[in-house]
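Just below is one structure, and these are the notes that go with it.
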Amino acid sequence: MANTRKEPAPACEYCAYYDYDDELGAYSCVMNLDEDEMYAFLKSGRRNCPYFRFSDDYKLAHRQ
């Protein structure tokens, strides 16, 4: 029997690129992709986001 267990996708809430948009009134991904990058990302059907970067507020505060 083949292993059908999939790796969990990272939660957007923990991503550095997931931010609140005042105009939309909701959270959204603010990763700035050009048209070709967006097309490739949507077409790939990847379960894991290649742009995910863990947001570490403690690391940012430590630098200040």
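The figures here come from the full heavy-atom set of this structure, side chains too, leaving out hydrogens, waters and symmetry mates.
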Could you pull out every donor-acceptor pair under 3.5 Å between side chains of residues 24-36 and any protein atom, sequence neighbours left out?
residue, atom, partner, partner atom, Å
Asp34, OD1, Asp36, N, 3.1
Asp34, OD1, Glu37, N, 2.8

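- Phe54 meets the ring pair (Phe, Tyr, Trp, His ring centres under 6.0 Å) test with no other residue; sequence neighbours excluded.
- Here the straight-line distance linking atom SG of Cys12 with atom OH of Tyr17 works out to 13.0 Å at 0.5 Å rounding.
- Across Tyr51 and Cys15, no two heavy atoms sit closer than the pair O-SG, 4.5 Å.
- Residues passing the side-chain contact (heavy atoms from CB on, under 4.5 Å) test with Ala16 are Arg53, Ser55, sequence neighbours excluded.
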